[in-house]
Amino acid sequence: DHGLLQIILGQLFRNHREAWGIRAVTDVRMQVSHSHFRVPDLSVLLADAPRERIITHPPLIVIEILSPEDRLSRFQDCIEDYLVFGVVHIWILDPERRAAYTASSSGIHPVRANELSVPETPIRVVLSDLFAELDRG
């Protein structure tokens, strides 16, 4: 489910890249500090962000997808790195539980609404649609 959800999300962002003014990449290294790197499952950048082999500018959104053996607590160090780097929108998706979370300096928060969005942009991911697509395989 991890890989399939990554493809579904990648395609969703790709399909809306012009309307949302973004571009999305999967599994691209991000240099979060002088000597430290992370590889998020998906990074969503503004369309006019620099094109880099290694991301050195904070993306608009970083998305991590839990694997069955993962626990949310495992992502605490990643989240801290992303926040210090300047990422504002951090999304964590759990395909096994069909749940979504956002992360901020105040911690990890379950998404109670049926969508993930970025305020003041048209970016909107409807969770019920996303997980229904995952169920269809």
**N/O donor-acceptor pair under 3.5 Å between His57 side chain and Pro50 backbone** = no

**Request:** Could you tell me the separation between the CG atom of Leu134 and the CG atom of Leu5, rounded to the nearest 0.5 Å?
**Result:** 5.5 Å

**Glu64 side chain to Tyr82 side chain, donor-acceptor N/O pair below 3.5 angstrom** = yes

**Partner residues of Asp48 under the side chain to side chain donor-acceptor pair (under 3.5 Å) criterion, sequence neighbours left out** = none

**Item:** Other ILVMFWY residues reachable from Ile54 by side-chain steps of under 4.5 Å
**Value:** Phe37

**Request:** Enumerate the residue pairs fulfilling salt bridge (Lys or Arg N to Asp or Glu O under 4.0 Å) with a member in residues 102-126, sequence neighbours excluded, ordered by first and then second residue.
**Result:** Glu115-Arg124

**Prompt:** Shortest non-hydrogen contact from Phe13 to Ile123?
**Reply:** CE2-CG2, 4.2 Å

**Request:** Flag yes if Ile22 and Leu42 sit in one hydrophobic cluster, no otherwise; membership is Ile, Leu, Val, Met, Phe, Trp, Tyr, and two members link when side-chain heavy atoms are under 4.5 Å apart.
**Result:** yes

**Fill in**
When every non-hydrogen atom of Ile79 is compared with those of Ala103, the smallest separation belongs to CD1-CB, 3.6 Å

**Prompt:** Can any side-chain N or O of Gln6 pair as donor or acceptor with the backbone N or O of Asp41 at less than 3.5 Å?
**Reply:** yes

**Request:** For His16, enumerate each residue passing the side-chain contact (heavy atoms from CB on, under 4.5 Å) test, keeping only those at least two apart in sequence or located in another chain.
**Result:** Leu12, Trp20

**Item:** Any residue meeting side chain to side chain donor-acceptor pair (under 3.5 Å) with Ser104, in chain and number order, not counting sequence neighbours
**Value:** Ser106, His109

**Request:** Kindly compute the distance separating CZ (Phe85) from CZ (Arg38), expressed to the nearest 0.5 Å.
**Result:** 12.5 Å

**Asked** Apart from Val39 itself, what residues make up its hydrophobic cluster, given side-chain heavy atom links below 4.5 Å?
**Response** none

**Message:** Quick test of your reading: applying salt bridge (Lys or Arg N to Asp or Glu O under 4.0 Å), list the pairs with at least one residue in residues 28-37, sequence neighbours left out, ordered by first then second residue.
**Reply:** none

**Asked** Hey, what do you get for CD1 (Ile65) to NE2 (His2), rounding to the nearest 0.5 Å?
**Response** 5.0 Å

**Message:** Arg97: which residues meet the side-chain contact (heavy atoms from CB on, under 4.5 Å) condition with it, sequence neighbours left out?
**Reply:** Asp94, Ala99

**Message:** Going by the rule side-chain contact (heavy atoms from CB on, under 4.5 Å), which residues pair with Ser128 if we only count those two or more places apart in sequence or in a different chain?
**Reply:** Asn114, Val126

**Fill in**
By side chain to side chain donor-acceptor pair (under 3.5 Å), Asp129 pairs with (sequence neighbours left out) none

**With sequence neighbours excluded, residues passing side-chain contact (heavy atoms from CB on, under 4.5 Å) with Arg51** = Arg23

**Request:** Using side chain to side chain donor-acceptor pair (under 3.5 Å) as the criterion, list what pairs up with Asp135, not counting sequence neighbours.
**Result:** Arg98

**Fill in**
Distance col, row Ile90:CD1 vs Leu83:CG, nearest 0.5 angstrom, shows 4.0 Å

